[in-house]
Q: 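Before I ask anything, let me first share the structure, which is written out below as structure tokens.
Chain naming here is simple, since letters A, B, ... match the order of the sequence lines and numbering starts at 1 in each.
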Amino acid sequence: MSDLGADIRRETLISNADPMDFLSLLKPRVMSLVVFTALVGMVLAPGAIHPVIGLIAVFAIAVGAGASGALNMWYDADIDAVMGRTAKRPIPSGRVQPGEALNFGMILSVLSVMVLGLATNWVAGGLLAFTIFFYVVIYTMGLKRRTAQNIVIGGAAGALPPVVGWAAVTGGVALEPMILFSIIFLWTPPHFWALAIVRKDDYARAGVPMLPNVASDRSTRLQILLYSLLLIPFGITPFFMGFGGWLYGATALIGGLTMVWWSVGILRADGEDRLRKACWSLFGGSIIYLFAVFAALLIEWAGGLAWALLRGGLA
Amino acid sequence: MSAPQETEGLRLTDEEKARRARRNKAIAFGVAGLCLLFYVITVFKMGPAILSRPM
């Protein structure tokens, strides 16, 4: 006869987690975007940072983002369990205990802030701490289950990495990183609402008031278009401010227009299948858009650096 | 002579033991990595000044 008490005790006392489960608590795919945008914020900043210290700073920002992901998964384990997209995450699937994820997230949060503060400066360290706080406390605990504007306001957390990267070099904040912040901030709603339309039933089951669940279909589609339209002027601002060149300007303009095109596709889609297809186009395409505009800035910076080295070498 | 008594407490399966070993290794690498990280930060923050100190 099986002893139920012993089985339960076994479940709670023995960790079945693999190191890879802890790694997936860090949301590696989100981390890659954070690393990329933070790096761009860092290279665009005036002033110099030792490449090794710069690398450590990017690493610390990535770990901080990962830590906030782990804390998010700890708090949201109950809703993750009822959503198809997230049910296989380490906590709902039982491979990692909630307490383990909480400790892991807290320790990494403290360490990442400490490393960034010590390696660069405490403005950057403080901004990273604020980013983690904003994502975990303001977004995850405060907004996500309460308002349809959850990802609009919460998007600020995802938009902060270039500001943190800039601060790591300069020790302060300026208009340029705030423009980069606003690009990611305005990019977030169309990106997540496209997903939320497709996963509407999932969110309804979990009781998360995403916009498609609480507003009319038309209103959601119009708001997606509105944010995509706003993205065009903000997207090309770096070109007019002079820290984005022609390559960037062209990428941001074509990318912005394509985002609007995809959003119009969602607005005009009739029938379930066409709508799903249009939403996936915007969801996937928006990731490419963000990578493209930041990559353009990075390429221009690298080109400028190579040109300066070449001229220096020839002179 | 009576059979040796079962050790009290929970016994890990081979899979659980393997996972625990992998977790332990990950923690070891994590701690070692952190030491290395602080060492590298110290060296690169101080730069050449690291050598100019009274002996």
Q: Side chains of B:R19 and A:D21: closer than 4.5 Å at any heavy-atom pair?
A: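 The answer is yes; the side chains approach within 4.5 Å.
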
Q: Just verifying a value: how many Å separate B:T13 OG1 and A:N16 CG, rounded to the nearest 0.5 Å?
A: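 It comes to 7.5 Å.
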
Q: Supply the atom-to-atom distance A:L111 CG to B:F38 CZ, rounded to the nearest 0.5 angstrom.
A: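 The distance works out to 6.5 Å.
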
Q: With a 3.5 Å distance limit and no angle check, can you tell me whether B:R22 reaches the backbone of A:P19 through a side-chain donor-acceptor pair?
A: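 No.
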
Q: Tell me, side chain or backbone of A:L118 under 4.5 Å from chain B's heavy atoms, or both, or neither?
A: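 Contact with chain B involves both backbone and side-chain atoms of A:L118.
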
Q: As a quick check of understanding, evaluate side chain to side chain contact (heavy atoms under 4.5 Å, CB included) for B:R23 and A:D18, giving each step before the final call.
A: CA-CA 6 Å; B:R23 286 200 303 275; A:D18 194 83; over 6 Å; no

Q: Atom CE of residue position A:M31 - does it have more than 12 heavy atoms of other residues, nucleotides or ligands inside 6.0 Å?
A: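 Counting other residues, nucleotides and ligands, CE of A:M31 exceeds 12 neighbours.
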
Q: Give, as side chain, backbone, both or neither, the part of B:L34 having an atom under 4.5 angstrom from any heavy atom of chain A.
A: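 Just the side chain, heavy atoms under 4.5 Å.
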
Q: Side chain to side chain contact (heavy atoms under 4.5 Å, CB included) between B:L37 and A:F59: does it pass, once the steps are laid out?
A: CA-CA 10 Å; B:L37 192 66; A:F59 174 71; 4.2 Å; yes

